[in-house]
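Only one structure is covered here, and it is reproduced in the block below.
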Amino acid sequence: MKAAAFAYARATSVVNALELLAAHGDRAKVLSGGQSLMPAMNLRLLSPDILVDIGGLAELRGIAVSGRALVVGALTRHVDLLRSPEIALHAPLLRDAVAHVAHPAIRNRGTIGGSLAHADPASELPACVVALDATIVVRGPAGERRIAATEFFRGIYETALSSDELLVAVEMPVAGHDASFFFQEFARRHGDYAVVGLAARAVVAAGRFSDLRLGFFAVGDRPLLASAAGKLIDAPVTPALLAEATTALADELDPQEDQQASPAMRRHLAGVLLRRCVAALLARPELEAGATR
Amino acid sequence: MSAPVPVSLLVNGEPIDGLVLPRLNLADFLRENLKLTGTHVGCEHGVCGACTVRIDGEIVRSCLMLTIQAQGTSVETIEGLSDNGEIADLQAAFRERNALQCGYCTPGMLMTAQDLLKHPSVPDRQTIREHLSGNYCRCTGYQAIVDAVEATARKRAERRA
Ligand SMILES: Cc1cc2nc3c(=O)[nH]c(=O)nc-3n(C[C@H](O)[C@H](O)[C@H](O)COP(=O)(O)OP(=O)(O)OC[C@H]3O[C@@H](n4cnc5c(N)ncnc54)[C@H](O)[C@@H]3O)c2cc1C
Ligand code: FES
Ligand code: FES
């Protein structure tokens with residue numbers, strides 16, 4: 001199908017975009033890469049009166065390191081994350097994850113800001129920013145707001161953004177020398193939205209986790225920072241302890257039923273990913289199989 | 001509200017000026033306004049890849065892009081790549097291996113395969129499959145397409161050597 005009629009405004013600056021959003025309120029939609037918005041409009045799931053195209057705002061595109069923080073502009077495209085040496089060095093989790101986001105032609109247009117604002121629970125990047133303890137930087141009529149990634153996602157396609165605000169950047173701590181990462185997902189086909197996925201950041205010292213952040217996606221209405229990780233921190237990880245953590249994980253998940261998988265299948269796959277992740281990060285392959293019940 | 005807006009862009013190297021409604025997507029502009037019907041429209045929501053074109057050298061879905069978003073860009077379609085001979089060898093390989101049947105997916109497949117073949121290294125079959133993962137073919141079963149892309153990659157590498 002084709003999108004319904006709408007008016008179009010090309011924003012000339014962030015300030016101009018905010019003025020346009022303030023003037024049109026709920027009837028306006030921000031257009032970044034269009035890779036989620038255009039499908040929704042073509043399917044007539046959405047029919048805004050006006051699109052505010054921020055795609056040309058160079059000030060929102062780019063990757064920079066400032067002190068201990070990595071700052072990624074909202075209009076940074078998926079393909080930029082894939083190719084950037086700064087991302088490979090300071091946030092390799094994002095590079096690993098974005099290779100699973102859609103297909104080359106879509107990665108050439110889609111942006112990180114659009115992906116986070118869209119907040120599809122099966123999406124890779126929201127889970128990554130939760131695992132990386134990132135901060136979402138938002139600008140609105142009253143100025144700037146900084147929102148912890150763990151507070152940003154509120155439900156299916158729902159975030160802490162209001163209709164007169166723009167997501168302008170994502171900030172995250174640069175990876176320390178001692179940090180390690182894990183990313184895997186189950187999907188029907190390479191590039192499809194995940195059936196279940198896991199993005200993790202850990203600090204391992206003397207064979208134990210001194211930190212472990214597990215960001216699961218496609219297991220509920222938003223990315224989940226699993227508290228089951230707590231069981232594995234500062235403890236010797238045995239098959240029995242891992243089995244206990246896997247049970248705790250299954251209890252805290254609230255997976256949806258859809259054409260791809262039942263809640264039981266999603267709980268099972270999340271457990272498989274947890275075991276693979278722990279086995280990989282501790283370099284103890286026996287844990288992956290050993291904890292299968 | 002939603003009045004026609006002027007747009008200027010290059011299409012296959014030719015300057016084009018038009019007056020379009022904001023809702024007109026680039027695929028329809030190419031097909032309806034410019035009669036470049038080699039760009040196919042399948043799903044209109046980004047899933048099938050039949051509408052793939054090149055903008056400033058990068059492949060994109062023309063069904064997910066508004067014509068006005070192409071303001072000031074250089075668009076290349078399958079007609080452009082065919083006429084200038086850039087993919088003559090790839091097209092010949094598709095013909096040889098029966099990598100097309102109805103041909104609906106073929107323009108998008110060729111655009112996407114050429115995007116991979118532009119890189120100097122010879123891709124393995126897994127890499128070819130991943131690069132083409134966003135392009136649906138309902139006829140061939142993909143094997144012959146992967147064969148044709150692989151054969152072209154080898155030939156080009158030999159020619160470079
Ligand atoms: C076939 C297909 C497969 C895909 N597969 C995947 C996948 O496997 N994983 C995945 O994660 N994604 C996938 N995507 C979606 C893709 O990653 C999109 O690029 C992304 O979700 C949205 O980014 P965008 O820049 O295109 O945003 P847009 O489509 O422009 O916008 C999306 C939404 O966010 C809002 N928005 C955009 N930017 C801002 C901003 N700066 N501030 C406030 N609001 C904003 C818009 O108003 C809109 O509501 C797929 C898309 C397609 C078409
Ligand atoms: S028509 Fe554009 S991807 Fe299917
Ligand atoms: S040849 Fe018919 S869809 Fe590919």
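What you are looking at is a predicted structure, and each value in this text was computed from that prediction instead of being measured. So you know, we letter chains A, B, ... as the sequences are listed, proteins then strands, and number each from 1.
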At a heavy-atom separation under 4.5 Å, does [X] approach chain B through its side chain, its backbone, both, or neither?
X: A:Ala4; result: backbone
X: A:Leu51; result: side chain
X: A:Arg107; result: neither

Exercise. Charged N to carboxylate O under 4.0 angstrom, A:Arg83 versus A:Asp80?
Worked result: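 Looking at A:Arg83 and A:Asp80, the cut-off is not met.
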Problem set entry | NZ/NE/NH1/NH2 to OD/OE distance under 4.0 Å, A:Asp221 and A:Arg154 |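 The answer is no: the pair does not qualify as a salt bridge.
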For this session: For the pair A:Ser13 and A:Glu59, evaluate side chain to side chain donor-acceptor pair (under 3.5 Å) and give the outcome as yes or no after the intermediate values.
Result: CA-CA 8 Å; A:Ser13 64; A:Glu59 56 190 300; 5.3 Å; no
For this session: Flag the one option from B:Gln69, B:Glu44, B:Arg61 with the top tally of heavy-atom pairs under 4.5 Å to chain A.
Result: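 Greatest number of close heavy-atom pairs with chain A: B:Glu44.
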Problem set entry | Choice from B:Gln71, B:Glu58, B:Arg129 maximising heavy atom contacts with chain A below 4.5 Å |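 If we count pairs closer than 4.5 Å to chain A, B:Glu58 comes out on top.
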Exercise. Between B:Thr73 (side chain) and B:Val75 (backbone), is there a donor-acceptor pair under 3.5 Å?
Worked result: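 It does not hold such a pair.
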Problem set entry | Geometric class of the A:Phe217/A:Phe183 ring pair [parallel <30°, tilted 30-60°, perpendicular >60°] |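 Ring orientation of A:Phe183 relative to A:Phe217: parallel.
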Exercise. Does a donor on one side chain and an acceptor on the other come within less than 3.5 Å for A:Glu165 and A:Ser162?
Worked result: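 Side chains of A:Glu165 and A:Ser162: pair found under 3.5 Å.
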Proximity breakdown for [X] and chain A, heavy-atom pairs closer than 4.5 Å:
X: B:Asn135; result: neither
X: B:Ile55; result: neither
X: B:Leu21; result: neither

